[in-house]
*Asks:* 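Here's a structure for you.
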Amino acid sequence: MKNFLELIKHCLGDIRQIMPWDLEERLQRNPALLLVDVREPEEFAAMHISGSLSIPRGILESACEWDYEETVPELVQARDREVVVVCRSGHRSVLAAHSMIVLGYENVVSLKSGLRGWKDDEQPLVDQCGNQVDLDDADLYFTPSLRPEQMRPRAH
């Protein structure tokens, strides 16, 4: 049985990743690049890269296909388009990019380090109204906050 990080590592064999500064260059070079943010709707509303398409990880596969309630036509038609998948830390985006490759997307990559890395590279983020997010606020937002019951029990 694999754990979460082992699953990510397994999928990395099939996908490519880019760093935040590479994404900045790609966005300048290719305005038609499709940014797919696979975080949950409330995460996307709090902050995202301007121009991103919000497609939560839980509905991604059906959003990529015609004839589903979750179908997103722009995404379905992007199989030969340059696609960069983003999430908070770069883990969910690896899984999402892997699924998209299996579904026939030809030019899809994952943003290594996710929006945390994008923010660390001091790249802009916007909220649901399109207002610039203060990077200090983003710092707090991206700081993990585990509850005690979420932590691995200590061995006795």
Side-chain angles (χ1 to χ4, degrees), residues 2 4-135 137-139 141-144:
K2 291 181 180 359
F4 179 59
L5 291 179
E6 290 168 339
L7 177 60
I8 301 296
K9 190 182 231 180
H10 173 80
C11 290
L12 281 172
D14 297 328
I15 69 150
R16 291 177 295 128
Q17 296 184 92
I18 62 169
M19 296 303 291
W21 49 87
D22 297 322
L23 175 55
E24 179 187 16
E25 289 175 15
R26 285 180 183 217
L27 286 167
Q28 290 172 1
R29 200 172 56 241
N30 181 6
L33 181 145
L34 181 62
L35 273 172
V36 177
D37 189 320
V38 295
R39 297 173 305 139
E40 294 300 308
E42 63 275 4
E43 293 177 279
F44 186 83
M47 62 191 68
H48 58 273
I49 299 171
S50 182
S52 297
L53 192 58
S54 176
I55 315 248
R57 176 72 189 95
I59 64 159
L60 175 69
E61 290 78 5
S62 56
C64 288
E65 300 290 337
W66 293 114
D67 302 322
Y68 291 94
E69 276 185 46
E70 299 86 8
T71 298
V72 177
E74 184 177 11
L75 184 60
V76 177
Q77 296 168 342
R79 279 187 167 70
D80 58 353
R81 194 166 155 193
E82 185 175 13
V83 178
V84 177
V85 184
V86 303
C87 67
R88 179 181 177 145
S89 63
H91 292 129
R92 286 176 282 181
S93 60
V94 165
L95 297 175
H98 184 268
S99 287
M100 291 177 76
I101 288 169
V102 169
L103 292 172
Y105 287 78
E106 297 174 11
N107 191 6
V108 61
V109 298
S110 172
L111 180 63
K112 188 173 184 159
S113 73
L115 290 183
R116 282 183 185 161
W118 179 258
K119 185 257 327 148
D120 289 345
D121 196 42
E122 298 185 356
Q123 297 299 324
L125 293 164
V126 296
D127 64 18
Q128 64 187 346
C129 298
N131 299 316
Q132 195 86 17
V133 173
D134 183 276
L135 292 182
D137 293 339
D139 230 3
Y141 181 82
F142 288 127
T143 300

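Count residues from 1 along the sequence. Keep in mind it's a predicted model, so treat the numbers as computed, not measured.
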*Asks:* More than 12 non-hydrogen atoms from neighbouring residues, nucleotides or ligands closer than 6.0 Å to CG on Asp67, yes or no?
*Replies:* no
*Asks:* Measure the spacing between CZ of Arg92 and CD1 of Ile8 and express it to the nearest 0.5 Å.
*Replies:* 10.0 Å
*Asks:* Can you give me the closest heavy-atom contact between Leu95 and Arg57, atom names plus distance?
*Replies:* CB-NE, 3.8 Å
*Asks:* Compare all side-chain heavy atoms of Lys9 with those of Phe4 and state whether any distance is below 4.5 angstrom.
*Replies:* no
*Asks:* Would you please name every residue forming a side-chain hydrogen bond (donor to acceptor under 3.5 Å, both in side chains) with Ser50, sequence neighbours left out?
*Replies:* none
*Asks:* May I have the list of side-chain donor-acceptor pairs in residues 82-90 shorter than 3.5 Å, sequence neighbours left out?
*Replies:*
residue, atom, partner, partner atom, Å
Glu82, OE1, Asn30, ND2, 2.7
Glu82, OE2, Arg26, NH1, 3.0
Arg88, NH2, Tyr141, O, 3.2
Arg88, NH2, Phe142, O, 3.2
Ser89, OG, His91, ND1, 3.1

*Asks:* For residues 32-39, please give each side-chain donor-acceptor pair under 3.5 Å, one per line with the distance, not counting sequence neighbours.
*Replies:*
residue, atom, partner, partner atom, Å
Asp37, OD1, Arg39, N, 3.0
Asp37, OD1, Arg39, NE, 2.9
Asp37, OD2, Arg39, NE, 3.2
Asp37, OD2, Arg39, NH2, 2.9
Arg39, NH1, Glu43, O, 3.2
Arg39, NH1, Met47, O, 3.3
Arg39, NH2, Met47, O, 2.4

*Asks:* Side chains of Val94 and His98: closer than 4.5 Å at any heavy-atom pair?
*Replies:* no
*Asks:* Measure the CD-CG distance between Gln123 and Leu115 for me, rounded to the nearest 0.5 Å.
*Replies:* 11.5 Å
*Asks:* Test Arg81 against Glu74 for side chain to side chain contact (heavy atoms under 4.5 Å, CB included), laying out the working first.
*Replies:* CA-CA 10 Å; Arg81 194 166 155 193; Glu74 184 177 11; 3.4 Å; yes
*Asks:* Please give me the minimum heavy-atom distance between Arg16 and Asn107, naming the atom from each residue.
*Replies:* NH2-OD1, 3.3 Å
*Asks:* Roughly how far, to the nearest 0.5 Å, is the CD atom of Gln17 from the CD1 atom of Ile15?
*Replies:* 5.0 Å
*Asks:* Is there a donor-acceptor pair under 3.5 Å between the side chain of Trp21 and the backbone N or O of Trp118?
*Replies:* no
*Asks:* Determine, step by step, whether Arg79 and Leu103 satisfy the side chain to side chain contact (heavy atoms under 4.5 Å, CB included) criterion, reporting the C-alpha distance in whole Å, the side-chain angles of both residues, the deciding distance to 0.1 Å, and the verdict.
*Replies:* CA-CA 9 Å; Arg79 279 187 167 70; Leu103 292 172; 4.1 Å; yes
*Asks:* What distance do Ile55 atom CD1 and Glu61 atom CD have between them, rounded to the nearest 0.5 Å?
*Replies:* 11.0 Å
*Asks:* Quick one: CD on Gln128 to OG on Ser54, what's the gap to the nearest 0.5 Å?
*Replies:* 11.0 Å
*Asks:* Is the CD atom of Glu42 crowded by more than 12 outside heavy atoms at less than 6.0 Å?
*Replies:* yes
*Asks:* Of all heavy-atom pairs between Tyr105 and Leu75, which one has the smallest distance, and what is that distance?
*Replies:* OH-O, 2.7 Å
*Asks:* Ignoring hydrogens and angles, tell me if any N or O in the side chain of Thr71 forms a donor-acceptor pair with the backbone of Ala63 under 3.5 Å.
*Replies:* no
*Asks:* Asp14 and Ile101: which non-hydrogen atoms are nearest, and at how many Å?
*Replies:* O-CD1, 3.5 Å
*Asks:* Compare every heavy atom of Leu53 with every heavy atom of Phe44, then report the nearest pair and how far apart it is.
*Replies:* CE1-C, 4.4 Å
*Asks:* Nearest 0.5 angstrom please: Asp22 CG to Leu111 CG, how far?
*Replies:* 9.0 Å
*Asks:* In this structure, are over 12 heavy atoms from other groups packed under 6.0 Å from Glu6 atom CD?
*Replies:* yes
